[in-house]
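Note on naming: letters A, B, ... go to the chains in the order of the sequence lines (proteins, then strands), and numbering restarts at 1 for each one.
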2 protein chains.
Amino acid sequence: MKKQTTIRDVARQAGVSVATASRVLNGRDVVNDATRRRVLEVMEDLRYTPSSAARNLSLGRTLTITVVTSFLTRPQAAERLRGIDASLADSQFDLVIYNVESIEKRNQYFRTLPLRQRTDGLIVVSLPPPEEDVARLEHSDVPIVFVDARQNTTTLPRVLGDDVAGGALAAEHLLDLGHRQIGFVGDAFENPFGFTSSKDRFAGFQQTLSRAGIKPISDHIAMGGHGRYEAHELAVVMLSRPSRPTAIFAASDTQALGVLAAAQDLGLHVPDDLSVIGYDDIEASDFVGLTTIRQQLFESGRAGAQLLMAEITERAPTPQMVVLEPHLVRRRTTASLEGGPREP
Amino acid sequence: MKKQTTIRDVARQAGVSVATASRVLNGRDVVNDATRRRVLEVMEDLRYTPSSAARNLSLGRTLTITVVTSFLTRPQAAERLRGIDASLADSQFDLVIYNVESIEKRNQYFRTLPLRQRTDGLIVVSLPPPEEDVARLEHSDVPIVFVDARQNTTTLPRVLGDDVAGGALAAEHLLDLGHRQIGFVGDAFENPFGFTSSKDRFAGFQQTLSRAGIKPISDHIAMGGHGRYEAHELAVVMLSRPSRPTAIFAASDTQALGVLAAAQDLGLHVPDDLSVIGYDDIEASDFVGLTTIRQQLFESGRAGAQLLMAEITERAPTPQMVVLEPHLVRRRTTASLEGGPREP
DNA sequence: CTGAAAGCGCTTACAG
DNA sequence: CTGAAAGCGCTTACAG
């Protein structure tokens with residue numbers, strides 16, 4: 001660990017003041033051309049690189065954007081992150097990531113992160129803040145943007161998918177195909193993180209069915225953990241009953257994959273014996289030909305980062321909400337009730 | 001943007017010097033108990049949070065670990081990242097991420113990152129550094145660890161999977177099942193990033209076949225981009241030839257999924273008409289029952305982070321190499337040549 | 001146990 | 001166009 005070369009070393013070697021060296025470093029145009037060249041040369045020779053800590057302290061900013069997200073490896077989170085990254089790639093900001101997989105971690109971050117002068121902006125992905133932290137977050141010195149984190153009491157800028165509309169889309173598609181006995185497999189509505197997607201998707205779904213005069217059958221509604229295996233088991237139970245549904249809407253593609261596995265176990269052919277539609281459009285869905293409702297994941301990350309950059313550069317709080325519409329992606333796991341795919 | 005409250009505000013309000021306030025902040029035990037309590041109380045009241053920039057400058061470190069990775073959303077990268085994150089979660093270090101999807105970005109990062117005093121340590125994931133940067137990286141002030149980045153000329157610490165052994169495992173499995181006509185679908189050996197996994201896996205595979213007295217048939221070797229669709233097309237061509245192989249080893253699970261799709265297109269039943277084995281064991285492989293060679297992705301990230309932390313805390317360069325062994329994961333896409341699965 | 005003061009490496013208003 | 005100097009907010013050896 002040899003001693004760092006500082007701007008002072010550069011200045012001395014180039015025979016100028018540190019002020020001038022700093023000006024060259026920052027590309028200020030007031031510097032004499034010959035001087036500038038000399039300084040740059042010395043920087044090159046000395047392999048000088050500025051200390052970001054010193055610069056940050058002096059400038060009062062960190063040149064850092066922080067993302068708090070959960071379950072980094074879930075395809076949804078990874079894709080959103082990529083959207084954020086893409087949007088920041090050409091900026092001068094670095095991306096700091098906090099991955100949260102427990103309530104304790106979440107609370108810790110929400111409590112310490114926006115307060116510390118550690119970052120110039122915060123993007124919260126898929127983590128609704130606990131009620132008691134909302135006020136603090138709103139009064140934070142640091143601009144904050146929520147992505148896919150439904151929080152009704154806040155006026156902070158946020159990017160949301162319309163889960164209710166997406167659930168409705170799924171129901172419409174199945175209704176159009178002639179289905180009347182339609183099951184639902186999703187996440188438990190109550191969960192420690194306060195995720196609302198399953199609940200909202202179900203709401204849109206249920207509403208649409210009701211409007212079509214279809215009453216909910218409790219045997220056709222199953223809820224559990226957000227995993228393929230949990231969904232698999234739930235679906236096996238549902239599909240083993242005498243009056244099984246002819247179609248199932250799963251609150252996520254991951255769960256839909258579990259439903260497909262259950263159908264296979266039971267010797268039910270998809271889509272002839274059972275139609276299945278998921279939600280998200282993750283990569284695996286394309287692999288297996290799963291019909292699904294696509295969320296704009298990458299887009300949501302990008303939009304969130306852009307909102308944040310606007311807040312940072314304009315220094316004006318611009319509370320707003322961006323809603324990204326879901327779309328139906330038809331593949332091979334849904335079909336008309338009479339058999340054989342049919343255009344709805 | 002109200003003015004930040006600093007340690008000086010705390011000191012004044014508590015009636016102590018900033019030195020004492022700082023000692024309380026850092027949990028130094030030399031402080032009088034009553035004083036400590038008073039200071040802590042004031043910090044609470046003022047909602048004081050220390051400036052990391054100032055602290056970093058004063059301490060000469062950044063409390064930051066930087067990860068340079070590529071293709072963040074590929075399941076391999078995401079899982080490795082999670083391993084790193086898990087290992088860092090309880091440390092005081094923050095995780096900064098650079099996602100690289102072009103050669104230009106890669107070069108830029110390799111050139112500027114380890115030089116700047118921006119980070120306390122660097123983990124390079126899946127990105128072999130260009131030859132001309134190796135020397136600089138080796139003499140960097142910042143500890144560096146490579147994960148899954150094969151670089152023969154460096155002595156820097158690194159974590160690697162044994163791709164040659166993995167390729168051999170795949171070949172052995174297929175040989176055990178009685179196959180003799182075995183195809184390969186992988187990435188082009190030459191690629192701008194210098195990825196070597198496909199090449200190494202092929203080497204181990206080919207070696208094992210040779211030892212069994214099987215000569216390579218050029219019609220059974222296909223290489224292209226790292227994508228499901230590219231692999232799909234290559235496999236269709238290979239499987240349409242009169243003398244098609246009875247088994248295919250794909251250099252990645254993603255490509256294996258393409259091969260499975262090709263088989264389906266051609267009406268070939270897997271595993272009766274064709275055995276398929278992949279590499280990686282990504283989540284989707286479990287979904288579709290793909291037999292594959294598992295890499296320890298999460299483990300590799302964790303091991304890399306641990307090596308780095310050791311270097312940072314011990315301040316001693318401890319060049320070493322950790323090799324993670326691949327394992328065969330048998331599922332439903334490989335079977336004995338005679339038909340029907342058989343224990344090898 | 002506590003305080004005054006120097007120092008970390010930069011930036012920038014103020015003079016010249 | 002350039003320099004001397006103050007300041008960003010913290011830490012820590014040095015005295016007491």
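Nucleic acid contact class of B:Leu59 (heavy atoms, under 4.0 Å, all strands): sugar-phosphate only. Looking at heavy-atom distances under 4.0 Å, B:Ser22 makes contact with a base. Heavy atoms of B:Asn56 sit nowhere under 4.0 angstrom from any nucleic acid atom.
A heavy-atom distance below 4.5 Å is found between the side chains of A:Phe146 and A:Leu137.
In this structure, the side chain to side chain donor-acceptor pair (under 3.5 Å) partners of A:Ser126, at least two apart in sequence or on a different chain, are A:Asp148. For B:Thr69, the side chain to side chain donor-acceptor pair (under 3.5 Å) test picks out no residue, with sequence neighbours left out. Partners of B:Ser197 under the side-chain contact (heavy atoms from CB on, under 4.5 Å) rule, at least two apart in sequence or in another chain, are B:Asp163, B:Arg201.
A side-chain contact (heavy atoms from CB on, under 4.5 Å) with A:Phe71 is found for one member of A:Glu101, A:Gln76, A:His226 and no other, namely A:Glu101.
Across the interface with DNA chain C, nearest-nucleotide mapping of B:Val18 and A:Leu25 shows B:Val18 to be the residue nearer the 5′ end.
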Taking Watson-Crick and G-U wobble contacts under 3.5 angstrom, with | marking pairs to another strand and [ ] crossing pairs, the secondary structure of DNA chain C is written |||.||||||||.|||
Please tabulate the protein-to-nucleotide N/O contacts below 3.5 Å involving nucleotides 13-16 of chain C, giving atom names and distances.
| residue | atom | partner | partner atom | Å |
| --- | --- | --- | --- | --- |
| C:dA13 | N6 | A:Arg23 | NH2 | 3.2 |

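Salt bridge annotation for A:Arg302-A:Glu299: present, with a cationic side-chain nitrogen under 4.0 angstrom from a carboxylate oxygen.
Residue B:Arg55 places none of its side-chain N or O atoms closer than 4.0 Å to OP1 or OP2 of D:dG9. Distances shown here put every side-chain N or O of B:Ser58 at or beyond 4.0 Å from the OP1 or OP2 atom of C:dG7. OP1 or OP2 of C:dT2 sits under 4.0 Å from a side-chain N or O of B:Thr35.
A donor-acceptor contact under 3.5 angstrom links the side chains of B:Asp120 and B:Thr62, judged on distance only. A:Asn26 and A:Arg55 share a side-chain donor-acceptor pair at under 3.5 Å.
Among D:dC10, D:dC1, C:dG9, the nucleotide with an atom closest to any side-chain atom of A:Asn32 is D:dC1. Of the candidates C:dG7, C:dG3, D:dT12, the closest approach to any side-chain atom of B:Thr20 belongs to C:dG3.
For the P atom pair drawn from C:dA6 and C:dT2, the interatomic distance equals 23 Å after rounding to whole Å. When the P atom is used for both D:dA15 and D:dT11, the distance is 22 Å, rounded to whole Å.
Relative ring orientation between A:Tyr98 and A:Tyr109 is described as tilted, the plane-to-plane angle lying within the 30° to 60° band.
Within residues 10-17 of chain B, no residue places a heavy atom under 4.0 Å from DNA chain D.
In this entry the distance linking CD1 of B:Ile7 with C1' of C:dA4 reads 15 Å, nearest Å.
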